[in-house]
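Order of the sequence lines fixes the chain letters, A, B, ..., with proteins taken first and strands second; residue numbering starts at 1 for each chain. All values below come from the heavy atoms of this structure, side chains included, with hydrogens, waters and symmetry mates left out.
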2 protein chains.
Amino acid sequence: MLAAERRDHLLGLLAREGKVVAKDVAADLGISEDSVRRDLRDLAAEGLCQRVYGGALPVSPAVVDYAARQSVAQDGKRKVASAAAALVRPGGTLILDGGTTALAVAHALPRDLACTVITHSPTIAAALLDHPQAELFLLGGRIFKHSAVACGAAAVEAAQNVSADLCLLGVTGVHPEAGLTTGDAEEAAMKRALAARAADTYVLASSEKIGTASRFRVLPWEKISGLITDADPHDAVVEQLKALGLEVLSAN
Amino acid sequence: MLAAERRDHLLGLLAREGKVVAKDVAADLGISEDSVRRDLRDLAAEGLCQRVYGGALPVSPAVVDYAARQSVAQDGKRKVASAAAALVRPGGTLILDGGTTALAVAHALPRDLACTVITHSPTIAAALLDHPQAELFLLGGRIFKHSAVACGAAAVEAAQNVSADLCLLGVTGVHPEAGLTTGDAEEAAMKRALAARAADTYVLASSEKIGTASRFRVLPWEKISGLITDADPHDAVVEQLKALGLEVLSAN
DNA sequence: CCTATTCTTGCACGTTTCTGCATGTATGGT
DNA sequence: ACCATACATGCAGAAACGTGCAAGAATAGG
């Protein structure tokens, strides 16, 4: 029995029966309950199920679909996400960008944290629906399919009407010379609009983004408060960034 | 029996029957009354029910509506949804309301239909992400957790800037005298705003909604083009609606 | 091809959480 | 005022949980 088989089996059960009981599955498949629990824990960490005492329940289909397609669960992203989640203060207002790293942040937020979350990503909004204390505000606009977020003039305009303590921004490239970059001009504009509405802006970038550049500049270094990454603090590029005066928070 | 299942069962009872009697539930599920009381206490602490001597009552129509919608996923909605999906013309613009019936419509739309979909539901937006030919426009605003849609002043305002050929509206009650109703005032206002922006508005109502009324009026009969339901066309209430001049499309 | 390392899996242990019962108290009806 | 029922609390057994550990499998490196 391969681990991937177990995972599929569990996801199948969740889809077909709406629940999974750890004990039953263990008996059915002839494996230990510990393995089932471990699998469920991992699936829950990826946002593919909701862990409950005794087993697990499905999360909303939209979230599952999306999370299954993207690999939210890469270790680097998870580390960055929990470091970022630690910056969110109870009662504060948070602007959360789209993208898988930001989605990981949403999953890393404590379930009963009382805060306001502003986002242009329907996926992130869906992921936070079960946070009873969280106030959600969705920025509307034309949906860009490849990144599944609202962008464009309407979204940027909607962003003008909010303000927040903290903005967590995902980018696809962090390069000492090219700066913070992303692959789409509309997305870059949207990120700029979001960052402009927060007192502090931190950029999330798992290690593979460090030292790379995409096509469109998002922001100059001066506009951001810091960078959160799991890259080695003594990495050459990271050292360069620090030399530019950038605060680098290590997520490890 | 998982704790979460008991919770769902209780919420379902609250929604369907409007009350829960601790003793009866304990007998039905074969668990102790103490467990039921504990669950009800927890639900009340989360604001999902109102604890009374001997059991519990629903706290607000909106919550009840949502819990009920969560628990049911029946055939009727699918029938209504595919009948509604057939109204959508290629190249057209569709306003899709939130709610599970509307979500079913989203799933019923052909995968490569070229059309523009405007919605205030992040869930529906997420469901349509894999329709490559569909243009999506999301109306933003404060997210109402109970129904997982954007409502409130910002959302209504955003709706003013769109227009469409067709609006498909879900409601929780269709009653000859009370009209089209739903459980939450903000949702009702949002639905009104959506309907006002479309040339044609059709109301989706699976059979169990027919003849029932919720607390808030959405629209008068004159404002809608027709009703799509899987109820028996010779049902007494349906006949009454037809007598009012309403076009009733049978989904079967 | 062999060895070292990492990963996975199941087991054992201590800890936490749940659940039903028993007791005493509070509530509502008669 | 009385009684039946519902309630809160404490308790104990059971179930589920997390963690550390060791044996085996898979992988990487020589």
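- Rounded to an integer number of Å, the gap from CG of A/Asp34 to P of C/dG14 is 16 Å.
- Between A/His120 and A/Gly98 the shortest heavy-atom distance is NE2-N, 3.4 Å.
- Here the P atom of nucleotide C/dC18 and the CZ atom of B/Arg6 are 9 Å apart, to the nearest Å.
- For the pair A/Tyr53 OH and C/dT15 P, the interatomic distance rounds to 15 Å; values are reported in whole Å.
- One atom, NZ of A/Lys23, and another, C1' of C/dC18, lie 14 Å apart when rounded to the nearest Å.
- Counting to the nearest Å, the P atom of C/dG10 and the CG atom of A/Leu29 are 10 Å from each other.
- For the pair B/Arg142 and A/Glu135, the salt-bridge criterion is met [side-chain N within less than 4.0 Å of a carboxylate O].
- Nearest nucleotide to the side chain of B/Arg41, out of D/dA8, C/dC11, C/dT27: D/dA8.
- Atom NZ of B/Lys19 sits in a sparse spot, with 12 or fewer heavy atoms from other residues, nucleotides or ligands closer than 6.0 Å.
- A/Asp42 places its CG atom 13 Å from the C1' atom of C/dT9, with the value rounded to the nearest Å.
- Remark on DNA chain D: of its neighbouring residues B/Arg38 and B/Arg51, the 5'-side contact belongs to B/Arg51, judged by nearest-heavy-atom nucleotide.
- For the side chain to side chain donor-acceptor pair (under 3.5 Å) with B/Ser214, the qualifying choice from B/Thr182, B/Asp184, B/Thr172 is B/Thr172, the only one to do so.
- Within 4.0 Å of A/Val52, counting heavy atoms only, lie sugar-phosphate atoms of the nucleic acid but no base atom.
- Side chain of B/Ser32, nearest nucleotide from C/dG20, D/dC7, C/dC11: C/dG20.
- Considering only side-chain atoms of A/Arg37, the nucleotide from D/dT5, C/dG20, D/dG18 that sits closest is D/dG18.
- Atoms CD (A/Glu33) and C1' (D/dT19) sit 16 Å apart, rounded to a whole Å.
- Separating the CG atom of B/Asp39 from the C1' atom of C/dG20 is a distance of 13 Å, rounded to the nearest angstrom.
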